[in-house]
Novice: 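The structure that follows is given in the form of structure tokens.
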Amino acid sequence: MRWQGQRESENIEDRRGFGPASIGGIGGLGIGGIVLVLAVSYFTGINPLALIDLMSGIQSTTETPIEGPTGPVKDELGRFASVVLADTEDTWQQLLPKTGRQYENPRLVLFTGAVQSACGTASSAVGPFYCPQDRKLYLDLSFFNEMSQRLGASGDFAQAYVIAHEVGHHVQNLLGIAERVSRLQRQSGKVEGNALSVRMELQADCLAGVWGYHANRDRRLIEPGDFEEGLAAASAIGDDRLQNMSSGYVQPESWTHGSSQQRKAWLRKGLETGNPDVCDTFSTREL
Ligand SMILES: [Zn+2]
């Protein structure tokens with residue numbers, strides 16, 4: 001990606017290096033949280049790494065989250081993340097008003113180890129996530145190493161896709177989709193709940209693609225090979241692949257994010273059209 005020299009977002013909250021004591025005085029995630037993450041992955045048969053933005057890996061807490069300093073960051077990877085965030089701001093500021101709604105920029109919280117959000121306390125093991133309650137994206141940048149080393153998903157656009165996917169969840173939140181889906185999930189059983197989650201996640205993938213299209217067309221951030229990196233990453237984090245890697249079998253009813261094929265296909269739809277209307281995963285019979 002040609003990201004150097006592009007606008008960097010002001011909406012970065014830097015909580016990196018905050019010690020466990022500073023995330024609410026409960027000693028970080030603690031052994032309970034780690035056990036919880038492992039238990040969740042045991043029951044779902046999914047590698048903890050696969051629990052990307054899955055709320056079940058987040059421990060609820062009554063502590064008030066401590067905010068970090070907001071503004072520009074100096075390190076290379078942090079700056080990259082803030083350029084991607086800034087570009088999603090430009091894209092959605094332009095696109096969302098067409099649906100009759102104003103876009104409100106979310107904040108991206110950078111953290112190391114564990115973090116406290118309005119949705120609860122989470123360790124890095126749960127992967128990047130979006131919390132609808134405080135409208136913040138949470139990202140431990142070391143996740144990018146995990147992605148390339150353990151999952152074979154590397155490249156800057158693969159990383160940008162992860163951020164844009166979480167921004168996609170923010171768009172879903174602003175549009176009231178997140179609220180409607182969680183209401184439906186509360187009324188349904190586990191299998192239907194998972195199926196709704198898959199539609200939600202594939203839509204976030206598609207919305208990430210919509211951003212990629214505009215990053216390319218409007219600001220020329222994209223270089224040859226970038227989209228392929230993103231599609232390879234989407235494929236690498238498909239539920240079938242992760243499940244197979246961790247347990248050696250595949251159980252579609254337990255999926256929450258969609259198969260490699262589905263994730264790739266929905267990201268591609270967004271990348272090719274740049275039109276959020278094509279991202280209606282909820283009225284599509286066949287995903
Ligand atoms: Zn997601």
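Both ligands and their constituent atoms are indexed starting at 1 by order of listing.
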Novice: From the Zn ion (ligand 1) out to just under 2.8 Å, does an N/O/S atom of H257 turn up?
Specialist: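 No, H257 does not qualify, because none of its backbone or side-chain N, O or S atoms lies under 2.8 Å.
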Novice: Tell me, which pairs form a ring pair (Phe, Tyr, Trp, His ring centres under 6.0 Å) where one or both residues lie in residues 260-287, sequence neighbours left out?
Specialist: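 Not a single pair qualifies under ring pair (Phe, Tyr, Trp, His ring centres under 6.0 Å).
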Novice: Taking the side chain as everything from C-beta on, heavy atoms only, tell me whether C279 gets closer than 4.5 Å to V210.
Specialist: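 Side chain of C279 against side chain of V210, heavy atoms only: contact under 4.5 Å found.
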Novice: Between the Zn ion (ligand 1) and E201, which N, O or S atom of the residue is the nearest one?
Specialist: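 Relative to the Zn ion (ligand 1), the closest nitrogen, oxygen or sulfur of E201 carries the name OE1.
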Novice: Name whichever N, O or S atom of H169 ends up nearest to the Zn ion (ligand 1).
Specialist: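 Closest to the Zn ion (ligand 1) among those atoms: NE2.
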Novice: Using ring-ring contact (aromatic ring centres under 6.0 Å, His included), reason through Y130 and H165 one step at a time and then give a plain yes or no.
Specialist: CA-CA 9 Å; Y130 171 73; H165 170 98; over 10 Å; no
Novice: Below 3.5 Å, can you tabulate the donor-acceptor pairs from side chains in residues 69-79 to any protein atom, sequence neighbours excluded?
Specialist:
from	atom 1	to	atom 2	distance (Å)
D75	OD1	R16	NH1	3.3
D75	OD1	R16	NH2	2.8
D75	OD2	R16	NH1	2.9
D75	OD2	G78	N	2.9
E76	OE2	Q4	NE2	3.2
R79	NE	E8	OE2	3.0
R79	NH2	Q4	OE1	3.0

